[in-house]
Amino acid sequence: MPGSGSSKSLWMDTAPFPRADTSQAPHPGEPPHESGLDMPSALSFANPAQAQDIGAADVVVVGAGIAGLTTAYLLAREGRRLIVIDKGPVGGGETSRTTAHLANAIDDRYSFIETQHGEEGARLAAESHTAAINLIGRIAETEGIDCDYRRLDGYLFLAPEHGREHLEEELAAAHRAGLGDVELVEDFRLGEGYAGPALRFPGQGQFDPMKYLNGLAAAFRAKGGTIVTGQMVTGVEGGQWATLHLADGRSLRADNCVVATNSPFIDKVAIHTKQAPYRTYVVGLRMPKGAVQPALWWDTRDIYHYVRLQAAADGGDTDILIVGGEDHKTGEAHDMDQRLARLEHWARKHWPQAGEVAYRWSGQVMETYDGLGFIGRDPVNTANILIATGDSGMGMTHGTIAGMLLTDMLQGRQNAWARIYDPSRQMTRNLTEYLKENLDVAREYAKGHLGGSETSSEAAIPVGHGAVLKEGGKHVAVYRAEDGTVTRVSAHCTHLGCTVHWNEMERSWDCPCHGSRFTPEGTVLNGPAPKPLAPIGDRG
């Protein structure tokens with residue numbers, strides 16, 4: 001399964017991963033027209049020693065998800081010459097694992113955003129997410145992208161442990177943020193499981209993210225852009241040029257580089273101390289078509305439920321009820337089946353008519369400590385390297401905001417949103433959470449290095465499973481494939497050396513410190529790890 005794990009999302013059924021222009025970058029000395037990268041100002045690859053001799057490109061975008069492709073599309077629309085490069089397929093990362101809510105109802109709530117960024121900051125956050133919903137609709141219309149885009153209401157309702165004051169506080173904060181059409185609904189009902197007050201957020205949206213990305217990729221190509229997949233960028237250096245280093249030892253030079261890889265691989269510490277990786281889970285249950293009026297729904301739990309409808313991929317007489325939640329820190333849980341079972345139980349409590357579970361998948365969310373993402377110039381590199389990360393559960397709108405904001409920055413235009421999304425901003429107001437999360441990283445690092453084996457022996461690992469063993473003072477990540485073949489790699493993440501843990505659901509090695517993830521064989525699935533886990537030979 002391409003992408004970030006073994007589970008299959010609904011969107012992987014509704015639309016294929018878009019094909020790239022080429023899966024191979026040219027070898028040193030090859031003329032650009034033979035490589036498929038025949039741009040007016042040709043992008044050239046070369047060995048690192050030849051980097052100073054190659055011509056410069058306008059912008060290279062690393063990451064072919066919604067943030068990277070939106071940025072590339074908007075810049076190409078303004079005449080810039082671009083290439084998008086990704087180690088995997090277009091949309092193969094977290095974009096294909098979203099539940100695709102398009103909302104200006106902030107994941108962390110306006111009452112919290114206001115404490116971190118002030119009333120003006122909350123207003124800018126509302127404005128930017130609203131603009132993102134609108135832009136996705138305009139692009140779909142302009143480019144003729146049939147992606148099931150629609151506008152609809154969203155409802156925030158109470159968890160059992162919360163009272164009406166939670167909604168009243170959020171209503172007041174939403175109004176101060178400029179969302180004056182948000183209203184308190186007294187007699188809201190959600191299936192058979194909830195009756196009571198709720199906040200109605202009009203003008204929300206939903207779409208099929210992979211259909212949209214297919215169309216966005218085609219529109220980008222039509223404007224002269226090029227997409228290259230199967231090429232991993234392991235490092236980026238700023239300066240007079242942005243120099244990108246590939247895993248095969250070659251380099252690419254450009255005027256500017258945008259790193260839109262969910263979690264940036266170019267920083268060791270700067271960004272990663274200010275956000276934390278979480279796994280989130282989704283079940284998709286079949287529902288009789290028309291049985292539920294489409295909307296977006298969220299409850300007020302700290303680890304909240306989020307729900308929407310989507311037509312079934314087979315075009316039959318059912319819809320898919322998409323229910324997400326049950327989040328946990330990446331690498332810190334092993335009860336994935338129980339979490340999925342709890343989501344299913346919650347869904348059936350509200351909608352007893354729900355049928356079979358057609359989909360079960362998980363995704364990764366980067367949660368920032370002040371509730372807003374990081375979009376702008378990388379804080380530890382020079383001005384020609386920009387990043388987009390910290391989606392905070394708002395990946396589709398956040399990625400679209402990144403496209404708008406980074407385009408303005410690279411085109412030399414002022415943008416009022418730049419301040420609240422500035423990657424260099426300091427964590428000054430939510431210090432308790434900031435310190436707690438970073439202490440948790442320190443504990444995980446120490447625990448991983450001091451801990452012992454997770455199982456009694458290599459022979460005790462069942463087929464299709466993995467475990468960490470301690471051998472001669474070293475931790476080894478051991479995976480036994482379905483055919484019995486055993487793969488042994490270092491258990492220490494190539495980002496900062498934390499010990500990885502086996503993810504039973506996605507069949508991946510996950511790092512609990514900063515969210516790097518690897519295939520059973522050690523190949524990087526998610527950064528910030530820049531390199532694969534090192535292979536380790538057989539014992540003895």
Side-chain angles (χ1 to χ4, degrees), residues 1 3-13 94 96-101 107 157-162 190-194 277-288 291-292 295-310 312-314 318-365 367 393 395 454-455 461-467 482 501-510 512 515 517 520 525:
M1 175 66 61
S4 62
S6 294
S7 64
K8 186 176 184 180
S9 75
L10 168 63
W11 321 117
M12 296 175 189
D13 267 356
E94 296 310 311
S96 62
R97 293 179 167 273
T98 179
T99 55
H101 288 229
D107 178 82
F157 62 98
L158 292 172
E161 64 270 24
H162 290 155
L190 188 67
E192 297 182 17
Y194 181 88
Y278 281 77
R279 298 302 296 175
T280 187
Y281 295 86
V282 186
V283 293
L285 299 92
R286 293 193 181 275
M287 291 282 289
V292 178
L296 306 182
W297 301 283
W298 321 280
D299 67 17
T300 60
R301 291 182 63 197
D302 182 35
I303 302 175
Y304 71 103
H305 295 99
Y306 47 98
V307 190
R308 56 159 289 201
L309 281 176
Q310 177 70 25
D314 57 17
T318 61
D319 290 326
I320 302 296
L321 182 73
I322 303 171
V323 181
E326 292 291 332
D327 303 10
H328 66 81
K329 283 286 294 292
T330 297
E332 293 189 1
H334 302 281
D335 59 344
M336 291 76 171
D337 284 341
Q338 292 94 320
R339 291 171 187 269
L340 291 164
R342 288 196 292 269
L343 285 178
E344 180 184 351
H345 174 77
W346 186 92
R348 295 190 187 283
K349 174 184 173 182
H350 288 80
W351 293 278
Q353 71 271 45
E356 66 169 334
V357 175
Y359 298 93
R360 306 190 334 161
W361 76 89
S362 71
Q364 186 138 300
V365 175
E367 289 285 356
E454 294 178 339
T455 188
I461 300 174
V463 295
H465 294 257
E482 299 292 348
H501 298 299
W502 179 246
N503 180 330
E504 192 70 34
M505 179 180 180
E506 299 295 352
R507 295 197 176 189
S508 62
W509 297 109
D510 294 0
R517 299 180 58 243
L525 286 169

Hey, mind stepping through H328 and R339 against side-chain contact (heavy atoms from CB on, under 4.5 Å) and telling me if it holds? CA-CA 10 Å; H328 66 81; R339 291 171 187 269; 3.6 Å; yes
Q.
Before you tell me yes or no, could you show the steps for Y281 and M505 under side-chain contact (heavy atoms from CB on, under 4.5 Å), namely the whole-Å CA-CA distance, both residues' side-chain angles and the distance that decides it to 0.1 Å?
A. CA-CA 10 Å; Y281 295 86; M505 179 180 180; 3.7 Å; yes
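One N or O on the side chain of S9 and one on the backbone of S96 form a donor-acceptor pair closer than 3.5 Å. In this structure, the side chain of R308 engages the main chain of T99 through a donor-acceptor pair within 3.5 Å. Under a 3.5 Å cut-off, the side chain of T300 and the backbone N or O of L158 do not form any donor-acceptor pair.
Judged as a side chain to side chain donor-acceptor pair (under 3.5 Å), and not counting sequence neighbours, the contacts of T280 are Y306, D327. The side chain to side chain donor-acceptor pair (under 3.5 Å) test applied to Y194 returns no partner, not counting sequence neighbours.
Of the charged side-chain nitrogens involved, at least one lies within less than 4.0 Å of a carboxylate oxygen, so that R360 and D337 count as a salt-bridged pair.
G464 and E504 make their closest contact through O-OE2, 4.5 Å (heavy atoms, listed as atom of the first residue, atom of the second, distance). Scanning all heavy atoms of the two residues, the minimum distance from W502 to P520 falls at CH2-CG, 3.9 Å. The two residues L525 and S508 come nearest to each other via the heavy atoms CD1-CB, 3.9 Å.
Looking at heavy atoms from C-beta onward, H162 lies out of side-chain contact with R301 at the 4.5 angstrom threshold. You'll find the side chain of W298 reaches within 4.5 Å of the side chain of H101, heavy atoms only. The shortest distance between side-chain heavy atoms of N503 and M336 falls below 4.5 Å. For the pair Y304 and D107, the minimum side-chain heavy-atom distance is below 4.5 Å. In this structure, Q310 and W11 have side chains that are in contact, with non-hydrogen atoms separated by less than 4.5 Å. Between I320 and R286 the shortest side-chain heavy-atom distance falls below 4.5 Å.
Atom CD of E506 and atom OG of S7 lie 3.0 Å apart (nearest 0.5 Å). One distance of note links NE2 of H465 with CZ of R507; it measures 6.5 Å at 0.5 Å rounding. Put simply, CD1 on I322 and CG on L309 are 8.0 Å apart, with the number rounded to the nearest 0.5 Å. In this structure, NZ on K8 lies 6.5 Å from OH on Y359, to the nearest 0.5 angstrom. Going from atom CZ of R279 over to atom OG1 of T330 covers 6.0 Å, rounded to the nearest 0.5 Å. Here CD of E326 is found 13.0 Å from OG of S362. Values are rounded to the nearest 0.5 Å.
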Output side-chain donor-acceptor pairs under 3.5 Å for residues 343-355, partner residues at least two apart or in another chain, one line each.
| unit_1 | atom_1 | unit_2 | atom_2 | d |
| --- | --- | --- | --- | --- |
| E344 | OE2 | R348 | NE | 3.0 |
| E344 | OE2 | R348 | NH2 | 3.1 |
| R348 | NH1 | A354 | O | 2.9 |
| R348 | NH1 | G355 | O | 3.1 |
| R348 | NH2 | G355 | O | 2.8 |
| H350 | ND1 | W346 | O | 2.9 |

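Within 6.0 Å of CG in D302 there are 12 or fewer heavy atoms belonging to other residues, nucleotides or ligands.
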